[in-house]
Amino acid sequence: NWPRIEHLIESGQFDRHLLSGLGVNENQTTETIQHLNQMGYITEPHAAVAYQGLFNESDRSLSEGEVGIFLGTAHPAKFKSTVEKILDTELPLPKAIALCAQKTDISSLMKPDFQALKNYLVSTSFC
């Protein structure tokens, strides 16, 4: 997502001096997913990191009466096995994702070799 932020900064839509960052480790991410679940919100790791970052940041710099917003744009099903393991529960898939999950997987495992990729692309019919 960094290229999007860079674009906002370079286009003058966002002041780079308002940008800050911090780290969130795996244990904090797990605890945050569990905490949000207890509050009635099932989230995924990236949004949990955003929430935890906001929580950490708000402890230091939000003024009285100020609010913070975190944004999660992925459905927890994108990280289904991770979220299920952390919450020790099975996540139901939204209908649209469940329909996709029933389709045949057409991915191919290959070594990280450009020539092998090129040969595969040239020799494969995608229609």
If every non-hydrogen atom of [X] is compared with every non-hydrogen atom of [Y], which pair is closest and at what distance?
X	Y	result
Lys78	Ala74	CD-CB, 3.9 Å
Thr43	Val83	O-CG2, 3.5 Å
Val24	Gly53	CG2-N, 4.3 Å

Tabulate below the donor-acceptor pairs under 3.5 Å that side-chain atoms of residues 27-39 make, not counting sequence neighbours, or state none.
| unit_1 | atom_1 | unit_2 | atom_2 | d |
| --- | --- | --- | --- | --- |
| Gln28 | OE1 | Asn25 | N | 2.8 |
| Thr29 | OG1 | Asn25 | O | 3.0 |
| Thr30 | OG1 | Glu26 | O | 3.1 |
| Thr32 | OG1 | Gln28 | O | 2.7 |
| Thr32 | OG1 | Gln52 | OE1 | 2.6 |
| Gln34 | NE2 | Ile86 | O | 3.3 |

Output a table of donor-acceptor pairs, distance under 3.5 Å, between side-chain atoms of residues 87-101 and any protein atom two or more places apart or on a different chain; print 'none' if there are none.
none

Worksheet item: For Gln102, which residues count as a side-chain hydrogen bond (donor to acceptor under 3.5 Å, both in side chains) partner, sequence neighbours excluded?
Response: none
Practice prompt. Measure the CZ-CD distance between Arg16 and Glu6 for me, rounded to the nearest 0.5 Å.
Written response: 8.5 Å
Fill in: Ile69 reachable from Val49 in the ILVMFWY side-chain graph, under 4.5 Å edges
no
Donor-acceptor pairs are to be reported for all side-chain atoms of residues 105-112 against protein atoms at under 3.5 Å, with residues two or more places apart or in another chain.
| unit_1 | atom_1 | unit_2 | atom_2 | d |
| --- | --- | --- | --- | --- |
| Asp105 | OD1 | Ser107 | N | 2.8 |
| Asp105 | OD1 | Ser107 | OG | 2.7 |
| Asp105 | OD2 | Ser107 | OG | 3.2 |
| Ser108 | OG | Tyr120 | OH | 3.1 |

Discussion item. Between Thr124 and Leu121 (side chain of the first, backbone of the second, donor and acceptor by atom type, cut-off under 3.5 Å), is there such a pair?
Written reply: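 Looks like no, no N/O pair under 3.5 Å.
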Worksheet item: Among all residues two or more places apart in sequence or in another chain, which pass the side-chain contact (heavy atoms from CB on, under 4.5 Å) test with Ala50?
Response: Phe70
Worksheet item: With Thr73, which residues qualify under side-chain contact (heavy atoms from CB on, under 4.5 Å), at least two apart?
Response: Leu71
